[in-house]
Peer 1: 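Dumping the structure here so I can ask a few things about it.
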There are 2 protein chains.
Amino acid sequence: MKARVFVTLKPSVFDPQGRTVAEALHTLGYDAVEGVRQGKYFELDVRAGTPGEARALAAEVADKLLANPVIESYRIEVGEV
Amino acid sequence: MKARVFVTLKPSVFDPQGRTVAEALHTLGYDAVEGVRQGKYFELDVRAGTPGEARALAAEVADKLLANPVIESYRIEVGEV
């Protein structure tokens, strides 16, 4: 089963990487892109009987290793593929 | 309008970052996580009249700056928030 984990900086945390991407886009003429936040994306192949089990495992793993809960939040999606 | 861009290495490209995360998880006892692929995640605030317009802009920006089309592929989701 696939679990997708999206890790982003919390809204109150400054995101210099995203800011740099936004500035580069403005330099290229893409003024319609008003802001960019960058995050991390993980695709986990998990051995789990049910989607709920896969989600619980992904949440545990995100808390322990993938995200820094002080400054980051995460979102999980579970699917067969 | 929000456009979310997920950039991942193509399946045929070796992903040392994901491999390292997978090994760290196995060391922590999470053997049920069989594999990990890591990618990048961008949230763009775009000024666009329609979702289609936002998607087209995000695709252009992904091709030009966010992804390296030789080794990476991307997926786009568009939403109001």
Side-chain angles (χ1 to χ4, degrees), chain A residues 1-11 15 17-50 53-67 72-79 81, chain B residues 1-11 15 17-50 53-67 72-79 81:
Chain A
M1 209 166 282
K2 289 263 190 212
R4 296 185 176 80
V5 182
F6 310 92
V7 179
T8 45
L9 286 168
K10 291 184 178 171
D15 174 12
Q17 233 180 337
R19 172 69 78 90
T20 302
V21 171
E23 280 169 11
L25 288 173
H26 293 163
T27 305
L28 290 169
Y30 293 106
D31 292 316
V33 179
E34 291 172 336
V36 178
R37 306 274 299 171
Q38 184 164 359
K40 288 176 287 181
Y41 170 58
F42 299 90
E43 268 183 16
L44 311 179
D45 280 316
V46 297
R47 204 169 50 236
T50 64
E53 212 177 285
R55 179 179 294 274
L57 178 61
E60 197 178 325
V61 155
D63 276 326
K64 286 233 177 106
L65 192 78
L66 305 182
E72 293 172 329
S73 55
Y74 62 83
R75 187 164 58 83
I76 294 170
E77 281 175 11
V78 173
V81 285
Chain B
M1 209 167 282
K2 289 263 190 210
R4 296 183 176 82
V5 182
F6 310 93
V7 178
T8 45
L9 287 168
K10 291 184 177 170
D15 174 12
Q17 234 180 338
R19 172 68 78 88
T20 302
V21 172
E23 281 170 9
L25 288 173
H26 294 162
T27 305
L28 290 170
Y30 293 106
D31 293 316
V33 180
E34 292 172 336
V36 178
R37 305 271 301 170
Q38 184 164 358
K40 288 176 285 183
Y41 171 57
F42 299 89
E43 268 183 16
L44 312 179
D45 281 315
V46 298
R47 203 170 49 234
T50 64
E53 211 177 286
R55 179 179 294 273
L57 178 62
E60 198 179 325
V61 155
D63 276 326
K64 285 234 178 108
L65 192 79
L66 305 181
E72 292 172 330
S73 54
Y74 62 84
R75 187 164 59 82
I76 293 170
E77 281 175 11
V78 173
V81 286

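Convention: sequence-line order gives letters A, B, ...; per-chain numbering from 1.
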Peer 1: Should we say atom CD of A:Q17 is surrounded by more than 12 heavy atoms from elsewhere, each under 6.0 Å from it?
Peer 2: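 Not more than 12 within 6.0 Å, no.
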Peer 1: Just wondering, do B:F6 and A:R4 contact through their side chains at under 4.5 Å, heavy atoms?
Peer 2: no
Peer 1: More than 12 heavy atoms of other residues, nucleotides or ligands under 6.0 Å from CZ of A:R75: yes or no?
Peer 2: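 Check passes, neighbour count above 12.
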Peer 1: B:E43 and A:T8: which non-hydrogen atoms are nearest, and at how many Å?
Peer 2: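 Result for this residue pair: OE2-CG2, 4.4 Å.
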Peer 1: What part of B:L57 lies closer than 4.5 angstrom to a heavy atom of chain A: side chain, backbone, both or neither?
Peer 2: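 The side chain, not the backbone.
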Peer 1: B:F42 versus chain A, heavy atoms under 4.5 Å apart: side chain, backbone, both or neither?
Peer 2: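 Both parts, heavy atoms under 4.5 Å.
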Peer 1: Between B:K64 and chain A, which part of the residue has a heavy atom less than 4.5 Å away: side chain, backbone, both or neither?
Peer 2: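 Only the side chain of B:K64 comes within 4.5 Å of chain A.
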Peer 1: With a 4.5 angstrom heavy-atom cut-off, could you sort out which part of A:L65 is near chain B: side chain, backbone, both or neither?
Peer 2: side chain
Peer 1: Tell me, out of A:L66, A:D31, A:V33, who's got the most heavy-atom pairs with chain B below 4.5 Å.
Peer 2: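 Top count of heavy-atom pairs under 4.5 Å with chain B: A:V33.
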